[in-house]
Student: 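Before anything else, here's the structure in question.
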Amino acid sequence: MANKRIQAPKGVSEYVPPRSKLFEFVRESLIAPARLAGYQLMELPVFEDTELFSRGVGASTDVVTKEMYTFTDRGDRSITLRPEGTAGAMRAVIEHGLDRGRLPVKIWYSGAYFRAERPQAGRYRQFYQVGIEAIGLDDPAIDAEVIAIADAGFKSIGLRQYRLEITSLGDAQSRAAHRNELLNYIATLDLDEATASRALINPLRLFDDKREVIKNAMAQAPLLMDYLSVASRQHFEKVKSYLDALDISYHLNPRMVRGLDYYTGTTFEFVHDLLGAQSGIGGGGRYDSLMAELGGQELSGIGFGLGVDRALLAAEAEGVIAIDGFVSDLFIIPLGDSAMQIVLELATQLRGAGKIVEIAFGDRSLKTAMKAADKSGARNVVVVGDQEIASQSVELKNMSTGVSVSVTIESLINAL
RNA sequence: GUGGACGUAGCUCAGCUGGUAGAGCACCCGGUUGUGGUCCGGGAUGUCGCGGGUUCGAGCCCCGUCGUUCACCCCA
């Protein structure tokens, strides 16, 4: 009886050579600007107490109500695979007392997140995000800095065909004032049951509906932007002026809706043109009450999450990155067993000096080994046999020019 | 979760109105004596996603299932 072939779980994204190199490049590029701005790493668990998300992300959100991987562990605890990064980061900040220390707390993180959705292009059940959080400052300048960091990441990959959309969700009083007006307006509409019940949970959702009928119906709906309190309005105006000063272009989108309940004030989203239905490559915003909600100090914060999978897809769609061959510095071909011992040692030495060095294993013919060297993408090749061991020198062959030069084994490192 | 399309060698795909599988690329070996990329010769590879059904006979038809993909939904 043949063994059943085991496949990866449905909808996970995975990266294997040679494309994994692009993934690595994209992930590192996205987070590099945060490092340069003084953000520090936080490495967190991929699973948390379920309550962290129902309280932090919001019990009414789709993410919490129907997309979480929740299970009971052996100690009868309800555990959930993290669907996003901010709640866990806040939990850790509070647990380690960072919110009682020097402010702002500036952290970055990177890793896998989980959502049990139906898979689609750019939407996976396990996906990768990098994110940052800046906690403990209300200064609109840091809103602009956070947005600028995300933008710098995308730009450094070479992405061009994306746009930044921003809005302000205001403070609690702004939203309360608007919510009443909006519900009154929605009450005048003739909606199907599903839409109506969604509207009751979060009326802002209707702004995001893609159906033409709803779009038209919502065209005259009151906008939150027009109900901002004086403080919220001033804050948002400042953020915009800083973005202008940074020469970061943005589109005001007063109808933007975010799926996580904790967002307040400045909120933003990066949308890419070439990605189909799953076009958001990153997003984030300010959260005024999340820290307190999770039992920490009453501090406001702002952060973002950028989709590594989608940024990679976008970069490929734009043709700004492509798989190139693997390149190494040196390929060493040992002839015979005593040569192998020396080569093993030599390779270790060169690698210690930071050189990428591969060895021809398997005792194959020289011709075959040369072919292997060619295919490996090595810039240089040396053969080590009895002659070389006796003379302590090797012919260093440049694979692109075909030219060899004689160098002593000792000085090989300088010749690479 | 709902609906549509798809699932044949590592990859891209072909396979006529059902008669038990092929191409290109890639891969492996060789073209003698210690040097690759071209060329020539040779070679391996698939339980045709999986399970069941119809049939004398199924990669081709039917059902189920798993997966992929696109849209809805949702969002990174």
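We name chains A, B, ... by the order of the sequence lines, and we start the count at 1 in each one.
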Student: Considering just the side-chain nitrogens and oxygens of A/Gln120, establish if one lies under 4.0 Å of OP1 or OP2 belonging to B/A71.
Tutor: yes
Student: Using a distance-only criterion (donor-acceptor N/O pair, under 3.5 Å, no hydrogens), is the base of B/A76 paired with the side chain of A/Glu117?
Tutor: yes
Student: If stacking means aromatic ring centre less than 5.5 angstrom from the base's six-membered ring centre, planes under 30°, is A/Phe127 stacked on B/A76?
Tutor: yes
Student: In whole Å, I'd like the distance from the CZ atom of A/Phe207 to the C1' atom of B/C74.
Tutor: 19 Å
Student: NA contact type, A/Tyr128, heavy-atom cut-off 4.0 Å: base, sugar-phosphate, or nothing?
Tutor: nothing
Student: Round to the nearest Å and state the distance from A/Asp374 atom CG to B/C27 atom C1'.
Tutor: 15 Å
Student: A side-chain contact here means heavy atoms from C-beta on lying under 4.5 Å apart; do A/Phe207 and A/Leu182 qualify?
Tutor: yes
Student: Could you check whether A/Ile281 gets within reach of a base, just the sugar-phosphate, or nothing at all, counting any heavy atom under 4.0 Å?
Tutor: sugar-phosphate
Student: Classify the side chain of A/Arg115 versus the base of B/C75 as yes if they form a donor-acceptor pair under 3.5 Å and no if they do not.
Tutor: no
Student: Give the rounded distance in Å between these two atoms: CZ of A/Phe23 and P of B/A76.
Tutor: 17 Å
Student: What I want to check is whether the side chains of A/Thr80 and A/Thr70 have a donor and an acceptor closer together than 3.5 Å.
Tutor: yes
Student: Would you call A/Glu117 and A/Lys66 a side-chain contact if the rule is heavy atoms closer than 4.5 Å?
Tutor: no
Student: Ignoring hydrogens and angles, does a donor from either the side chain of A/Glu388 or the base of B/G34 sit under 3.5 Å from an acceptor on the other?
Tutor: yes
Student: With nearest nucleotides of RNA chain B determined for A/Gly11 and A/Asp208 from heavy-atom distances, which residue corresponds to the more 5′ nucleotide?
Tutor: A/Gly11
Student: Can you tell me the distance, in whole Å, between the CG atom of A/Leu313 and the P atom of B/U69?
Tutor: 10 Å
Student: If pairing requires Watson-Crick or G-U wobble contacts with both distances under 3.5 Å, which nucleotide is the partner of B/U47?
Tutor: none
Student: Please state the P separation for the pair B/G46 and B/A21 - nearest whole angstrom.
Tutor: 12 Å
Student: NZ of A/Lys367 versus C1' of B/G41: gap in Å, rounded?
Tutor: 13 Å
Student: Rounding to an integer number of Å, can you tell me how far A/Lys10 NZ sits from B/C66 P?
Tutor: 8 Å
Student: Can you tell me the base-pairing partner of B/A71? Count Watson-Crick or G-U wobble geometry only, both distances below 3.5 Å, and say none if there is no partner.
Tutor: B/U2
Student: Please verify the inter-ring angle class for A/Tyr162 with A/His272; under 30° counts as parallel, over 60° as perpendicular, anything in between as tilted.
Tutor: parallel
Student: So A/Ala373, base contact, sugar-phosphate only, or nothing? Heavy-atom distance under 4.0 Å.
Tutor: nothing
Student: Does B/C28 have OP1 or OP2 under 4.0 Å away from a side-chain N or O of A/Lys375?
Tutor: yes
Student: When the P atoms of B/U45 and B/A23 are compared, how many Å lie between them, rounded to an integer?
Tutor: 14 Å
Student: Does any nucleotide pair with B/U55 by Watson-Crick or G-U wobble geometry, both distances under 3.5 Å, and what is it?
Tutor: none
Student: On the side chain of A/Arg123, is there an atom forming a donor-acceptor pair with the base of B/C73 - under 3.5 Å, no angle test?
Tutor: yes
Student: For the C1' atoms, the ones on B/C48 and on B/A9, what distance do you get once it is rounded to whole angstrom?
Tutor: 10 Å
Student: Taking the same atom, P, in B/G37 and in B/G41, what whole-Å distance lies between them?
Tutor: 16 Å
Student: Say we look at B/A26 and B/G43: how far apart would their C1' atoms be, to the nearest angstrom?
Tutor: 14 Å
Student: Determine the Euclidean distance between corresponding P atoms of B/U2 and B/G64; express it in Å to zero decimal places.
Tutor: 14 Å
Student: Does B/A9 have a Watson-Crick or wobble mate here (both distances under 3.5 Å), and if so which one?
Tutor: none
Student: Should B/G37 form a Watson-Crick or G-U wobble pair with both distances under 3.5 Å, which nucleotide is its partner?
Tutor: none
Student: Is any side-chain nitrogen or oxygen of A/Thr368 closer than 4.0 Å to OP1 or OP2 of B/G30?
Tutor: yes
Student: Taking atom C1' in both B/U65 and B/G7, what distance in whole Å separates the two?
Tutor: 13 Å
Student: Picking from B/C74, B/G36, B/G34, which would you name as closest to the side chain of A/Lys371?
Tutor: B/G36
Student: Taking the inter-plane angle between the rings of A/Phe23 and A/Tyr15 on a 0 to 90° scale, is it parallel (under 30°), tilted (30 to 60°) or perpendicular (over 60°)?
Tutor: parallel
Student: Which residue lies toward the 5' end of RNA chain B, A/Gln387 or A/Val257, if each is placed at its nearest nucleotide?
Tutor: A/Gln387
Student: Report yes if at least one side-chain N or O of A/Arg118 is closer than 4.0 Å to OP1 or OP2 of B/G67; otherwise report no.
Tutor: no
Student: Looking at side-chain heavy atoms only, is the closest gap between A/Leu81 and A/Glu48 below 4.5 Å?
Tutor: no
Student: Just to be sure I understand the rule, does A/Gly276 reach a base, reach only the sugar-phosphate, or reach nothing, if contact means heavy atoms closer than 4.0 Å?
Tutor: sugar-phosphate
Student: Please report the distance, rounded to the nearest Å, between CG in A/Asp309 and P in B/U68.
Tutor: 14 Å
Student: Pick the P atom in B/G24 and in B/C39, then give their distance to the nearest Å.
Tutor: 14 Å
Student: NZ of A/Lys66 versus C1' of B/C74: gap in Å, rounded?
Tutor: 7 Å
Student: Can you see whether A/Tyr262 engages A/Glu84 through a side-chain donor-acceptor pair at a distance of less than 3.5 angstrom?
Tutor: yes
Student: Could you check whether any side-chain heavy atom of A/Tyr69 comes within less than 4.5 Å of a side-chain heavy atom of A/Arg125, counting everything from C-beta outward?
Tutor: yes
